[in-house]
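Below, read A as the first sequence line, B as the second, and so on, with proteins coming before strands; counting in each chain starts at 1.
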Amino acid sequence: MAIVKLKEIAQARSGDKGNSINIGVFAPNQSIYQLLLTKLTTNTVKEHFSGLVKGKVTRYEMPNILAMNFVLTEALDGGGSSSLRLDNLGKCFGSNMLRMEIEVDDELLTDL
Amino acid sequence: MKKVRIGAAQGFYGDTIEPAVSTAEKGNVQYLCFDALAELTMAILVKDKKKNENAGYTKDISLQMKALLPYVKQKGIKLLTNGGGINPIGAQQEILRVAREMGINGLKVAVVTGDNVIDRLPEFLEKGYPLKHIESGEPVEEIKERLEFANAYIGAQPIVKALEAGADIVVTGRTTDTAQFLAPLIYEFGWGEEEWDKLASGVFMGHLLECSAQSTGGNYSGKWWEIEGFDKMGYPIAEVSENGDFIISKVEDRGGLVSVDTVKQQMLYEIHDPAAYITPDVVVDLSNVKLENVRPNQVKVTGVKGHPRTDTLKVVMGYENGYAGQVIVGFSWPDAMMKAKKVDEIIRIQLERNGLNYEEVRTDFMGYNSLSGPLAHDNQSELNEVFLRMTVRAKTKPEAAKFSRLFPPLALNGPPSMSGFTGNAAPRALLGMWSALLPREEVESQIQVEVAEV
């Protein structure tokens with residue numbers, strides 16, 4: 001077993017809509033996708049973003065492209081044109097998602 | 001078999017036109033489609049129009065037309081843009097003016113209006129449409145008096161009408177980001193208003209193209225350092241078949257990468273439920289989409305499904321929401337962070353002493369946590385430098401302006417090595433966004449398409 005940052009095993013992109021953020025998380029293969037389904041739950045993601053996201057987290061699964069889409073509400077301090085944050089459009093939420101630490105079987109890492 | 005080739009020309013107000021010129025030259029496209037608008041853009045355009053009645057469209061439209069009108073004339077490429085913003089008729093007039101100035105004639109420039117509903121809000125409320133906030137459910141009365149703009153997101157059909165009327169260029173206001181891309185397909189293939197799968201495919205194609213290089217390797221979170229040519233990115237081109245399937249590519253000699261991974265990242269961008277992406281023309285379902293690398297820099301997209309469109313359209317309204325005052329100052333090693341924190345503390349004491357009761361005072365340490373907030377957790381004691389950014393939310397502009405005046409004295413009065421003061425930036429108006437739903441016929445009955453010729 002190894003603990004790695006999500007950055008090592010997945011890709012992500014985020015965008016805004018009003019005061020909500022979406023983060024697409026993309027797995028490189030089926031086995032890592034299956035692992036991420038168990039690790040990236042609405043609860044763990046909500047916990048990870050505590051302090052940044054006030055609302056709820058919804059997860060949509062996209063097995064056809066080995067991806068998950070997370071929607072985070074009340075996430076932007078009021079939304080792009082009203083927020084005092086420097087990242088007022090939430091472009092960095094994807095990168096911040098990739099900070100999550102994930103426990104992975106060593107053999108899954110050798111496939112990468 | 002007939003194919004339609006569409007090039008992406010613009011992903012936002014302020015984008016470069018160079019890649020679109022390359023696509024016009026070498027991309028063998030029949031259409032160049034622009035997405036110039038975002039929620040924030042409408043706010044900027046409203047401000048422009050307040051200063052000058054003829055403004056209110058995206059100003060770069062003049063440069064875009066100068067660069068592309070020769071191709072419209074020589075190659076018959078059609079240009080479709082929502083850069084009309086808050087003043088589509090003004091944009092149409094500007095396009096005609098540029099054409100005349102260049103000595104180009106025999107072009108038809110169409111304009112679509114009817115999306116701007118700000119003057120009709122009393123009528124809507126009277127009819128009993130509450131315009132409740134789509135997320136919070138709050139009544140619009142809360143912000144009604146502070147509204148700056150209200151535009152309905154409209155779909156591709158008015159643009160199709162303009163193409164049927166022979167338009168070479170179509171300029172609109174708040175058509176959706178994807179409408180410009182879908183419209184040529186409906187026009188060329190004669191897709192019916194209920195051919196949901198095909199319409200959905202067209203919208204999804206538009207979705208992949210509307211953020212320009214974001215599907216050709218820009219903003220890519222994978223091995224971005226392996227992507228070549230960031231200095232001259234190529235914008236995506238779609239070759240669409242009658243059944244809706246399409247292939248994404250780019251002009252070969254421009255930079256970037258078209259792969260399943262780069263396309264996939266754009267696929268979910270700013271989408272909520274991927275099985276129900278609601279647009280005015282169709283509800284798009286991406287659950288069965290298949291992406292396939294067919295050749296280098298060519299990705300084939302199949303399997304898009306569509307469901308019947310909804311009875312409502314989304315109206316986005318912007319309302320005045322106070323002012324932000326901001327200051328950025330730098331501190332050097334040693335103890336950069338400690339110094340920045342001390343100044344934050346000093347300023348907050350002075351705010352209280354001076355009776356400046358801002359609604360919100362926000363502190364970021366640029367170089368440490370300004371883009372990740374509470375998620376930053378690495379060593380902060382040995383930073384080479386850090387920039388303190390403080391921002392306040394005020395009700396009025398003068399109140400916001402007072403904030404930055406607290407800082408200059410600290411260059412001499414505060415902790416050592418405060419430097420890199422970026423000057424007193426003018427307070428920035430904040431704008432709240434209010435999205436609500438409206439029966440579509442209320443808007444669609446007022447949409448007009450007019451064609452002028454130069």
Side-chain angles (χ1 to χ4, degrees), chain A residues 6-7 10-28 48-53 55 58-74 76-100, chain B residues 38-40 42-44 133-136 211 214 219-223 260-261 264-275 286-291 303 316 318-319 321-322 324 326 360-362 364 366 370-377 389 391-393 428-435:
Chain A
L6 182 58
K7 169 185 183 293
Q11 303 178 6
R13 175 175 293 173
S14 57
D16 70 312
K17 195 157 276 173
N19 200 15
S20 299
I21 285 289
N22 91 294
I23 309 174
V25 178
F26 307 89
H48 179 68
F49 281 102
S50 50
L52 272 186
V53 174
T58 309
R59 180 176 89 174
Y60 299 97
E61 295 164 25
M62 294 287 283
N64 56 322
I65 55 164
L66 304 180
M68 278 168 259
N69 194 33
F70 291 91
V71 176
L72 290 56
T73 63
E74 296 176 68
L76 266 187
D77 187 27
S81 52
S82 201
S83 171
L84 293 190
R85 288 197 199 147
L86 202 55
D87 183 27
N88 64 326
L89 297 174
K91 303 282 185 194
C92 298
F93 273 68
S95 302
N96 281 319
M97 180 90 184
L98 296 178
R99 286 171 184 268
M100 274 184 88
Chain B
E39 289 173 349
L40 198 59
M42 297 303 273
I44 295 168
H133 193 287
I134 217 166
E135 285 169 12
S136 69
C211 288
Q214 279 208 143
N219 223 343
Y220 176 56
S221 97
K223 292 179 180 168
V260 165
D261 279 356
K264 208 192 270 184
Q265 289 208 353
Q266 184 56 18
M267 185 166 162
L268 299 180
Y269 182 69
E270 295 185 350
I271 278 183
H272 285 187
D273 182 355
L286 303 176
S287 315
N288 299 296
V289 165
K290 204 175 132 204
L291 306 175
V316 171
Y319 60 96
N321 199 23
Q326 172 183 293
E360 184 181 349
V361 181
R362 179 184 174 84
D364 294 290
M366 296 169 65
S370 68
L371 298 178
S372 34
L375 276 68
H377 45 59
R389 171 185 183 261
T391 318
V392 293
R393 190 189 298 277
R428 169 171 65 90
L430 296 169
L431 210 86
M433 288 293 162
W434 191 276
S435 295

**Neighbours of chain B found in residues 82-89 of chain A - heavy atoms under 4.5 Å** = S82(A), S83(A), L84(A), R85(A), L86(A), D87(A)
**Message:** I need the residue from D77(A), T58(A), I65(A) with the largest number of non-hydrogen atom pairs under 4.5 Å to chain B.
**Reply:** I65(A)
**Request:** Kindly say whether F26(A) contributes a backbone atom to a donor-acceptor pair with the side chain of K264(B) at under 3.5 angstrom?
**Result:** no
**Message:** I'd like to verify something: which residue of L291(B), I134(B), V289(B), N321(B) has the highest number of heavy-atom pairs under 4.5 Å with chain A?
**Reply:** V289(B)
**Complete:** Looking only at heavy atoms, the pair that brings Q265(B) and Q11(A) closest together is NE2-OE1, 2.7 Å
**Request:** Please state whether the side chain, the backbone, both or neither of S95(A) comes within less than 4.5 Å of a heavy atom of chain B.
**Result:** neither
**Prompt:** How far does CE of M62(A) sit from CD1 of I271(B), to the nearest 0.5 angstrom?
**Reply:** 8.0 Å
**Residue pair G15(A) / Y269(B): nearest heavy atoms and the distance that separates them** = CA-CE1, 3.7 Å
**Complete:** One option among A67(A), A12(A), P28(A) has the most heavy-atom pairs under 4.5 Å with chain B, and it is A12(A)
**Asked** Has the side chain of R13(A) got a donor or acceptor atom that lies under 3.5 Å from a matching backbone atom of L268(B)?
**Response** no
**Request:** Give, as side chain, backbone, both or neither, the part of M68(A) having an atom under 4.5 angstrom from any heavy atom of chain B.
**Result:** backbone
**Asked** Do you know which of A376(B), S287(B), S370(B), G303(B) has the most heavy-atom pairs with chain A at a distance under 4.5 angstrom?
**Response** S287(B)
**Request:** Select one option (side chain, backbone, both, neither) describing which atoms of K7(A) are under 4.5 Å from chain B's heavy atoms.
**Result:** neither
**Message:** Please identify, among S136(B), G373(B), S221(B), the residue contributing the most non-hydrogen atom pairs under 4.5 Å to chain A.
**Reply:** S221(B)
**Request:** Check whether any side-chain heavy atom of H272(B) lies under 4.5 Å from a side-chain heavy atom of S20(A), and answer yes or no.
**Result:** yes
**Request:** Look at the side chain of S81(A) and the backbone N and O of L40(B), then say whether any donor-acceptor pair between them is shorter than 3.5 Å.
**Result:** no
**Prompt:** Side chain, backbone, both or neither: which part of T73(A) has a non-hydrogen atom closer than 4.5 Å to chain B?
**Reply:** neither
**Complete:** Looking only at D364(B), V316(B), L286(B), the option with the highest number of non-hydrogen pairs under 4.5 Å against chain A is L286(B)
**Request:** For M267(B) and N69(A), run side-chain contact (heavy atoms from CB on, under 4.5 Å): C-alpha distance rounded to whole Å, both residues' side-chain angles, the deciding distance at 0.1 Å, then the answer.
**Result:** CA-CA 10 Å; M267(B) 185 166 162; N69(A) 194 33; over 6 Å; no
**Fill in**
Applying a strict 4.5 Å limit to non-hydrogen atoms, the region of R393(B) in contact with chain A is both
**Asked** With a 4.5 angstrom heavy-atom cut-off, which part of F70(A) approaches chain B: side chain, backbone, both or neither?
**Response** neither
**Message:** For L371(B), is there any backbone N or O sitting under 3.5 Å from a side-chain donor or acceptor partner on N96(A)?
**Reply:** yes
**Item:** Which atom of L52(A) lies closest to which atom of S372(B), heavy atoms considered
**Value:** CD1-O, 3.8 Å
**Prompt:** What distance separates M433(B) CE from K17(A) NZ, expressed to the nearest 0.5 Å?
**Reply:** 13.5 Å
**Asked** Any donor and acceptor pair, going by atom type alone, linking the side chain of N64(A) with main-chain N or O of K290(B) inside 3.5 Å?
**Response** no
**Prompt:** By a 4.5 Å heavy-atom criterion (distance strictly below it), what part of D273(B) contacts chain A: side chain, backbone, both, or neither?
**Reply:** both
